[in-house]
Amino acid sequence: MASHVLAGPPGDCCFKTLKHMGTPLGKSIEIAGVPTYISEPPTQMADGPKKVILYLSDVFGPFYLNNQLIQDYFAEHGLFNLQNDLLTLFSYDLEGFLVLGIDYFFGDGFGFHLDDEDFNRMAWIDSAKKKAREVYPKWLETVRKTYGTEAQYFSVGYCFGAPFSLDLAATDKVAASAFAHPAFLEEDQFKNMTSMLFTRQ
């Protein structure tokens, strides 16, 4: 029996934006030949396992200003540790995250096509999905080799990136996953989850 589709392709709302203002703090690197936005915490990480967020962007890509500022925010702020004791449910860890945003659009995010009225969004999405599926596994493998399998990994996916984040929740490669305003999700992806999931519509 086919898995029920819970979230289809990106709709009109996914291609609308209001560009924010700010100065990005991260930089561009390459991981496994894929352009990647990296944002580091402002203070030196303590000894012990690193905390790494895998940022799986919407159709605008990780180098779009809005997404850069979100990644910088994640890097700058610490982690809310979930405890069993209700009194310490949200204890704050001042140590920030290392954030890595994969550019599976290879510099061709939708932000570069905002003024093109004849742009074929669905053809672009189909091509981007195929390319992302090809490069993402090697990128993820290289990240884990570079920053260590002992690091604590977390994933967050927006729109186009949501299924990548949810798929990670079905593995032992992340401590927790999250997504918002997802596209391309099926029921079976939730059935296969083994790690914590945080969602927001």
Minimum-distance pair of heavy atoms, taken over all atoms of V59 and C14: CG2-O, 3.4 Å

Side chain to side chain contact (heavy atoms under 4.5 Å, CB included) partners for P163, two or more places apart: R133, F184, L185, Q189

Exercise: identify the closest heavy-atom pair between N120 and A123: OD1-N, 3.0 Å

Residue pair F154 / A175: nearest heavy atoms and the distance that separates them: CE2-CB, 3.7 Å

Non-hydrogen atoms of A151 and V52 that approach each other most closely: CB-CG2, 4.4 Å

Partner of F105 by ring pair (Phe, Tyr, Trp, His ring centres under 6.0 Å), out of F160, Y64, F60, F110: F160

Test item: Y147 and L100 side chains (from C-beta on) under 4.5 Å apart, heavy atoms: yes

Check: P24 main-chain N/O paired with D72 side-chain donor or acceptor under 3.5 Å: no

Pair D12 + R121: basic N to acidic O under 4.0 Å: yes

Side chain to side chain, P10 and I125, heavy atoms closer than 4.5 Å: yes

Side-chain H-bond candidate by donor/acceptor type, D108 with H113, under 3.5 Å: yes

Under 3.5 Å donor-acceptor, E141 side chain and P137 backbone: no

Any side-chain heavy-atom pair of H181 and C13 under 4.5 Å: yes

Validation row: P41, E76 side chains within 4.5 angstrom (heavy atoms): no

Option passing ring pair (Phe, Tyr, Trp, His ring centres under 6.0 Å) with Y55 (candidates Y158, F97, F179, Y37): Y158

